[in-house]
Protein chains: 2
Amino acid sequence: MAIKKTSLVEIAAERMKQNIIENNLRPGDKFLSEKELIQQLEVSRTVVREALRSLSSIGIVEVRKGGGVYVGHSSFDSIRNILEHHHAVHGVKLRELADIRKVIELGAVRLIIENDLQIDRSCFEEINRSYHEAILAGKDTKKYDQQFHQQLMKETGNDTFYKFAEVIQEYFSLVKIDLVQSRDSLIKSYEEHEDIIAALVQKDLVRGHRLIAEHLEPVFTFIRQVEEARGDGTDQ
Amino acid sequence: MAIKKTSLVEIAAERMKQNIIENNLRPGDKFLSEKELIQQLEVSRTVVREALRSLSSIGIVEVRKGGGVYVGHSSFDSIRNILEHHHAVHGVKLRELADIRKVIELGAVRLIIENDLQIDRSCFEEINRSYHEAILAGKDTKKYDQQFHQQLMKETGNDTFYKFAEVIQEYFSLVKIDLVQSRDSLIKSYEEHEDIIAALVQKDLVRGHRLIAEHLEPVFTFIRQVEEARGDGTDQ
DNA sequence: ATTATAAATTGGTCTGACAATATTATATCT
DNA sequence: AGATATAATATTGTCAGACCAATTTATAAT
């Protein structure tokens, strides 16, 4: 037996979580108020408030001043917060991030093709067209490039995969990889997007993989340069 | 300008996080006590305590009764908690999990081989030997199988990847996939492990990928059966 | 120097109070 | 009756002070 000395706050928080599960409450639903929780759990307001604070910081509930307590919408937002601070404290190696990104994108391509999914071609092309226009206009292109890759994840039809990829993607974006891309290399990137779309449509896995690898190559080239320049390869 | 109405608790928590970053505090270091925080932030004890509760629930600090406040060790533990509740509330599709696992494991093999890493062969074989013994003795084999796959992630030398994989792995383990494995299929699984090790040593990417795919195939077979039986494919 | 005891520090919980905001009920006007 | 403005109520945010429980530190005894 574990001789756990659990605090009242932890017990209260646990019981609140159970309450949500047992009553099958959905995100946005109204939860019990502080007063009701005090009566139900038979603890002081201090304990109830700290338990609520604990749950709200991980996105399980949302507390609105004067408005009551509601069931939280996205736990993944809190994960982002956690990773953000984790990154601020520990930093992370550029190469590690790049490798993970490659794993995810190659995986996405494989999922789409092996599971024989029909991709939303027009959506891809719409995004890539905007990308092209931004390049020609000399505007900020990063947004559309990112959008393209997000769409790739989404097309796997695997929502869990997509959410994880999104979280990790944002973890990446904390790192400033300033690829000073020339207009030519941006055009090349745009064309590679087109090729990737084609490979997905043709369900050519080998080609898709090769194209993704090539497409990400500039990042690895950049990282090699940075690593040589300062040795360790961590950001900041 | 954003017209944010931030509560004192949130401000306090934010400043505490900043404090940790600016003073470059490492996990396990002693942080400020409640009293000191009250003086420094000039807020009531209530606010300090709620802010600390908020930070401790996402692993940024650890609070010990009578002992003071310390910088937290692992933010990833809190992510596990979050996902655990997320799963309890939303459930998850078996196929999605299986697909993600495959992406990760194939990715691990590719990372090891493409980055030309020397794996710790004896460690792998040690684990697999224990696996073999457990099979022969009719004991619980799950642990060693899991250990084998964890080791695969670790061998990528990519700590960030490993941590993410670990979190996701535990997310999987929330789902009961009761593959009723016969002794023969367990032996087969053991032999596949051996083959995978061999492929890693020989740095044969194509073979490594094929072996992983085959090795995970029983899971997909199981999932197809479940999906046919009840249609949707979610757990619980 | 080691150990046992006492004191001080620190976090955990409770109570009561008032402020700030949101919701609901009521009264008013058209 | 319906829309609107106002008042009453409910709910969360913050504060202060008190006492308990666990840990750490200081002190005394061996």
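Chain letters run A, B, ... following the sequence lines, proteins first and then strands; every chain starts at 1. These figures come from a predicted structure and were not determined experimentally.
Backbone-only engagement by Ser33(A) is indicated by non-hydrogen atom pairs under 4.0 Å involving sugar-phosphate atoms exclusively.
Residue Arg49(B) places at least one side-chain N or O closer than 4.0 Å to OP1 or OP2 of dG12(C).
Closest to the Ser44(B) side chain, of the nucleotides dA16(D), dG11(C), dG13(D), is dA16(D). For Val9(A), whose side chain is taken as the heavy atoms from C-beta onward, the closest listed nucleotide among dT13(C), dG11(C), dG13(D) is dT13(C). Distance from the side chain of Val63(B) is smallest to dG11(C) among dG11(C), dG13(D), dT14(D).
Taking 4.0 Å as the cut-off between side-chain N and carboxylate O, Arg129(A) and Glu133(A) do not count as a salt-bridged pair.
Per the geometry, CD1 belonging to Ile38(B) stands 11 Å off C1' belonging to dA16(D), to the nearest Å. Taking atom CZ of residue Phe31(B) and atom C1' of nucleotide dG11(C), one finds them 15 Å apart after rounding to whole Å. Straight-line distance from the CG atom of Leu37(A) to the P atom of dT12(D): 8 Å, rounded to whole Å. If you take CG of Leu32(B) and C1' of dT10(C), they are 13 Å apart, rounded to a whole angstrom. In this structure, the CG atom of Leu41(B) is 11 Å from the P atom of dC15(D), given to the nearest Å. The CD atom of Glu50(A) sits 10 Å away from the P atom of dC14(C) (whole-angstrom rounding). Rounded to whole Å, the distance from CD on Glu10(B) to C1' on dG13(D) is 11 Å. In this structure, Lys30(B) atom NZ and dT23(D) atom P are separated by 13 Å, rounded to whole Å.
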Which pairs of donor and acceptor atoms, one on a side chain in residues 159-170 of chain B, lie under 3.5 Å apart (sequence neighbours left out)?
| unit_1 | atom_1 | unit_2 | atom_2 | d |
| --- | --- | --- | --- | --- |
| Thr160(B) | OG1 | Glu96(A) | OE1 | 2.4 |
| Glu170(B) | OE2 | Arg80(B) | NH1 | 3.0 |

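With no hydrogens or angles considered, no side-chain donor-acceptor pair links Asn81(A) and Ser78(A) at under 3.5 Å.
Ring centroid separation for the pair Phe124(B) and Phe148(B) comes in under the 6.0 Å cut-off.
Taking for each of Tyr70(A) and Leu8(A) the nucleotide of DNA chain C with the nearest heavy atom, the 5'-most of the two is the partner of Leu8(A). Comparing Gly66(A) and Arg45(A) against DNA chain C, the residue whose closest nucleotide sits nearer the 5' end is Arg45(A).
For the pair Lys139(A) and Tyr144(A), the cation does not sit on the ring face, since its NZ or CZ is not both under 6.0 Å from the ring centre and inside 45° of the axis.
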